[in-house]
Every structure is written in structure tokens, then in C-alpha cells.
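Chain naming here is simple, since letters A, B, ... match the order of the sequence lines and numbering starts at 1 in each.
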Number of protein chains: 2
Amino acid sequence: MGTQIRRDVMQLILDRRLPPGAPLPTEAELMESLGVSRNSVREALKALQALDIVEIRHGYGTYVGQASLTPLVDGLTFRTLAGVADDHAALTEILQIREVLEEGLIRRVADGIGDDGLARLESIVGRMEGAARAGEAFPDLDRTFHETLYDTLGNALVPQLLAAFWNVYHRVAKVRGWTSDPAPAVTACRHRDILTALRARDVAGAERAMADHFRGIEARSGQATLGVR
Amino acid sequence: MGTQIRRDVMQLILDRRLPPGAPLPTEAELMESLGVSRNSVREALKALQALDIVEIRHGYGTYVGQASLTPLVDGLTFRTLAGVADDHAALTEILQIREVLEEGLIRRVADGIGDDGLARLESIVGRMEGAARAGEAFPDLDRTFHETLYDTLGNALVPQLLAAFWNVYHRVAKVRGWTSDPAPAVTACRHRDILTALRARDVAGAERAMADHFRGIEARSGQATLGVR
DNA sequence: CGACGTGGGACGTGGGACGTCCCGCGGCCT
DNA sequence: AGGCCGCGGGACGTCCCACGTCCCACGTCG
């Protein structure tokens with residue numbers, strides 16, 4: 001069974017305690033130690049590559065991967081684009097989950113954020129406002145803001161999960177040709193609101209600011225959909 | 001490039017508007033229409049199979065898959081088991097995300113749940129209490145409760161995401177040999193608390209009940225870890 | 001009319017050959 | 001002596017062919 005070989009390779013990584021980036025046995029060694037043909041080994045490795053459990057470098061070797069959430073992004077993107085129902089509904093589902101997550105997380109952030117965290121956010125928002133005055137969009141700063149925001153939680157999964165949903169959303173929007181460009185000034189303002197509430201340790205206010213932020217995104221999403229149909 | 005063939009097959013599915021369960025062209029047809037060898041086609045299909053974008057039935061054919069979150073479960077399980085840091089920390093991260101999600105969701109549920117939803121939950125909690133009196137565990141009922149709870153949101157992604165995290169948690173616990181069996185009576189009581197709060201449209205109470213629920217899970221998890229080390 | 005057997009289609013596995021890419025060693029030029 | 005270039009070996013990428021296994025459907029026989 002192909003699935004079995006895949007599990008064998010995973011088990012091999014676990015048994016040998018191979019960390020991400022460590023080299024795997026060559027295909028020849030794997031076909032010998034697992035007792036299967038090279039084709040089967042390659043199919044298993046290709047599957048693991050798609051799961052980002054393994055990284056294959058042409059002409060160099062195979063290495064343990066980062067086990068990132070890339071497969072989730074691919075899967076959700078495909079699922080959204082292929083959805084039998086219209087994909088606006090599917091995107092709304094993703095947005096709702098992001099919303100619930102960030103609303104719940106901001107509360108915990110407000111409890112534990114320190115002065116250094118606030119300073120870093122201040123720097124980011126400052127750059128946002130600078131870009132906004134120049135009339136430029138700042139998708140990278142947006143990402144960095146949310147990433148930095150949840151840094152203090154010490155939960156490495158959180159930023160990755162949020163980034164995954166963010167990627168799905170924007171990838172689908174790109175494929176569909178939606179130009180969801182809100183006024184940069186408005187976005188900068190929303191982030192400023194969140195930071196202000198955090199500075200005041202105003203948990204409820206931070207939640208409200210985050211909710212407003214998402215309300216804006218939803219509105220844009222709805223408009224873009226209507227414009228296309 | 002192998003990745004390219006994978007994208008071609010995905011694009012083919014999207015272009016032809018193939019719904020989940022629809023048959024894909026045979027390997028022979030794909031190798032002709034994509035102009036690559038059968039091995040390359042098979043490697044791409046195997047990768048897509050791992051992403052649950054395609055389903056391969058031996059001796060029958062290849063079909064469009066459900067694009068479920070199975071790859072997320074596999075990836076997170078692997079990542080947790082392979083984590084350089086101890087896996088209790090990794091499991092806590094997953095638990096924290098479940099917690100944030102369910103706390104945020106319960107609020108929305110409390111707003112919109114109807115009498116039929118409450119009745120279904122009542123039935124489940126009733127069976128829980130019956131099992132608890134008999135001293136039996138009821139993992140299935142637990143799952144069903146949370147699934148039914150979020151049915152009313154109309155967001156198909158929510159139950160799947162929660163189920164994915166649930167699966168990762170319990171799969172890791174199983175591999176690690178943790179016997180995280182709380183007293184069934186306590187678990188039943190926690191669910192009863194949630195239902196009671198929902199019935200009263202008590203949003204804050206429901207949130208608190210859900211938080212208590214997770215506090216119990218975390219405590220058990222910590223104990224199990226200590227017991228093993 | 002129904003149960004059984006056989007054939008064809010489709011995926012699973014194995015083996016071999018050749019191309020492509022990357023790294024490192026050794027010779028050669030400066 | 002130091003740096004540049006060419007070459008060889010290792011490893012993955014692609015391809016071809018053959019045979020095995022599984023499933024379904026058709027046709028035959030009782």
C-alpha cells in the first residue's frame with residue numbers, strides 16, 4: 001500500500017529524531033531498507049513533499065521539512081475555488097474563523113503584552129500611517145502587525161494558522177480578480193484603534209476595534225463579489 | 001516539474017467544474033493530455049491524494065476528493081510528535097486554539113440557536129448522563145455535542161476544523177500512551193452547564209462554562225505529562 | 001431468471017535506463 | 001600562492017515497459 005510506505009518514512013523520521021532540515025536517507029537506501037521499488041519510494045516522498053513533511057532538492061538530496069501549514073492553504077484554496085456553492089460563502093466562512101480567532105486572541109494579548117511589544121506595534125502602525133499618507137497600500141505591514149501582535153502569546157501555531165487563512169483569502173481573491181483595495185488610510189486607522197485600546201489595557205475596546213476591522217473586510221468582500229457577478 | 005503537473009491536474013478539475021466524487025480522466029488520458037509519462041502523472045496524483053484533493057480507488061479509477069482537513073491532521077500530528085521541544089507544549093498550543101475558537105463561537109451560537117437545536121443538545125447531554133451513571137466513557141457523544149453545537153452557524157468549516165484539532169490531540173495522546181480518561185460524570189456535568197447557559201441565553205455564562213470545560217482538559221493533560229516523565 | 005465465470009479496464013508495483021542538477025576535487029592559469 | 005575552470009560522482013527527475021491485483025460488466029450456463 002502506498003499509504004503504508006508514507007507512514008514508514010514518517011516513522012523513520014520520528015524514530016531517528018530527525019529535526020527539520022536533517023537529511024533523509026537517499027532513495028536507494030530507502031528502497032532497500034523498506035524493501036520496495038524506487039517508484040514506490042518516490043510516490044511516498046512526493047506525497048510527503050506535498051504535506052511539507054519532506055523537502056526534496058533536485059540533485060542534492062531529501063530533507064526533513066518544516067511541517068508548515070502549506071497543505072492547509074492549498075487544500076482550502078482548492079476547496080474554495082472548487083466549491084459547488086458560490087465561493088463568496090466559502091470565503092465568508094474563512095473570514096468568520098479568522099474573526100473569532102483574532103477576537104479571542106486579542107483579549108489574551110491585552111492581558112499579557114509588555115511595553116516592548118507595544119513599542120514594536122507602534123513602530124509598525126507608524127509606518128502604516130506613513131504609507132497611507134503617501135497613498136500606498138501596505139499588505140506586508142498588515143501581516144507583520146498581526147504577526148507581532150500574537151508574538152507575546154508564545155504560541156507558534158497561532159501566527160501560522162492566521163497566515164494560512166490570510167493566504168487563502170488573498171489567493172482566492174487574486175484568482176477571482178477581485179481588487180480588494182481599501183483606502184489605506186482607513187486600514188491604518190483601524191490598526192491605530194487596536195493599538196490605542198491595547199495601550200489602555202482596554203480589553204473590551206480592543207475586541208470592539210478588532211471586530212470593526214473585520215466588519216470592514218466583510219463589507220469589501222461583499223462589494224467585490226457583487227461587482228463581479 | 002512535479003509541482004507543475006500537480007497544478008495542472010488541479011486546474012483541470014477547476015476548469016471542468018468537477019464536483020467531489022466526479023471521476024477524473026484515467027492515468028493514460030492524463031499522460032496524453034498533459035504530455036508527461038505515467039510515472040509523473042502517478043506522482044502528482046499521489047501528492048493530490050495526500051492532500052485529499054483526489055481519491056484513488058484501486059482497480060476502479062481516480063475521483064475528485066472531499067478536500068477535507070485530513071492533511072492538516074496529518075501535518076499537525078507529525079509536527080507535534082517530531083517537535084524538538086517537548087510535545088506537551090505543542091499540544092497546549094493546539095488546545096489553546098481550540099479554546100479560543102470555541103469560546104468565541106459559543107457566543108455566536110448563544111445568539112442564534114433555536115428550540116430545535118436546544119432539543120438536540122438536550123438529547124445528547126441526556127445520553128451522556130446516562131452513560132456517566134453507567135460509568136462508561138462517551139467520546140463519540142462528546143464529539144457529537146460540539147458538532148451539533150456549531151451546526152446552527154451554517155459554517156461548514158467550523159466543525160471540520162474543530163474535529164481536526166480534536167483528532168490531533170487524541171491521536172498524539174494515544175501514541176504517547178496517555179490515558180486521559182476523566183471521570184465521565186464530570187464531563188457530563190460540564191456539558192450540562194453549557195447547555196443550561198445556552199437555554200438561558202446567558203452568553204457570558206456559556207463562555208465561562210466553556211472555559212471551565214477547557215480548564216479541566218488542560219489539567220488532565222498536565223497530569224498525564226507529569227505521570228509519564 | 002439467476003448464479004457463476006471470464007474478460008477488459010484501471011490502478012499498484014517492480015526494474016532499468018538516461019537526463020539534469022549540484023557539489024567538490026583537481027588541474028590550470030594568473 | 002591564490003583563484004578560476006573543468007570534470008566526475010552522487011542524487012533526484014523523467015521515461016519506458018512489463019506484470020500483478022482489483023473491480024465491474026457482460027455473457028454464458030444451469
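- In terms of modelled atom types and a separation under 3.5 Å, the side chain of B:N155 and the main chain of A:E93 share a donor-acceptor contact.
- At least one side-chain nitrogen or oxygen of B:S40 sits closer than 4.0 Å to the OP1 or OP2 atom of D:dC15.
- A heavy-atom distance below 4.0 Å to DNA chain D is reached by none of the residues of residues 14-23 of chain A.
- Electrostatic pairing of A:R120 and A:E122 does not count as a salt bridge here, judged by no charged N lying under 4.0 Å from a carboxylate O.
- Salt-bridge annotation for B:R108 and A:E103: present, with a side-chain N of the basic residue lying under 4.0 Å from a carboxylate O of the acidic one.
- Between B:E32 atom CD and D:dC16 atom P the separation is 12 Å, expressed in whole Å.
- Residues passing the side chain to side chain donor-acceptor pair (under 3.5 Å) test with B:R7: none are found, sequence neighbours excluded.
- Between A:Y63 and A:Y60, the two ring planes are parallel [angle under 30°; tilted spans 30° to 60°].
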- request: Go through the steps to decide whether A:D8 and A:Q4 satisfy the test side chain to side chain donor-acceptor pair (under 3.5 Å), and finish with yes or no.
  value: CA-CA 6 Å; A:D8 288 343; A:Q4 187 54 47; 3.1 Å; yes
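- Look at CG on B:L45: it is 10 Å from C1' on C:dC11, rounded to the nearest Å.
- Within the 4.5 Å cutoff, the side chain of B:V158 has no heavy atoms near those of the B:L101 side chain.
- A:E27 has its CD atom 15 Å from the C1' atom of C:dG14, to the nearest Å.
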- prompt: Just by protein heavy atoms under 4.0 Å, how would nucleotides 15-22 of chain C read 5' to 3' in B, S and -?
  reply: B-B-BBBS
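- Salt-bridge check for B:D74 with B:R171: passed, with a basic side-chain N closer than 4.0 Å to an acidic carboxylate O.
- The distance from atom CD of B:E43 to atom P of C:dG14 is 14 Å, rounded to the nearest whole Å.
- Using a 4.0 Å cut-off, some side-chain N or O of B:R42 falls inside it from OP1 or OP2 of C:dG12.
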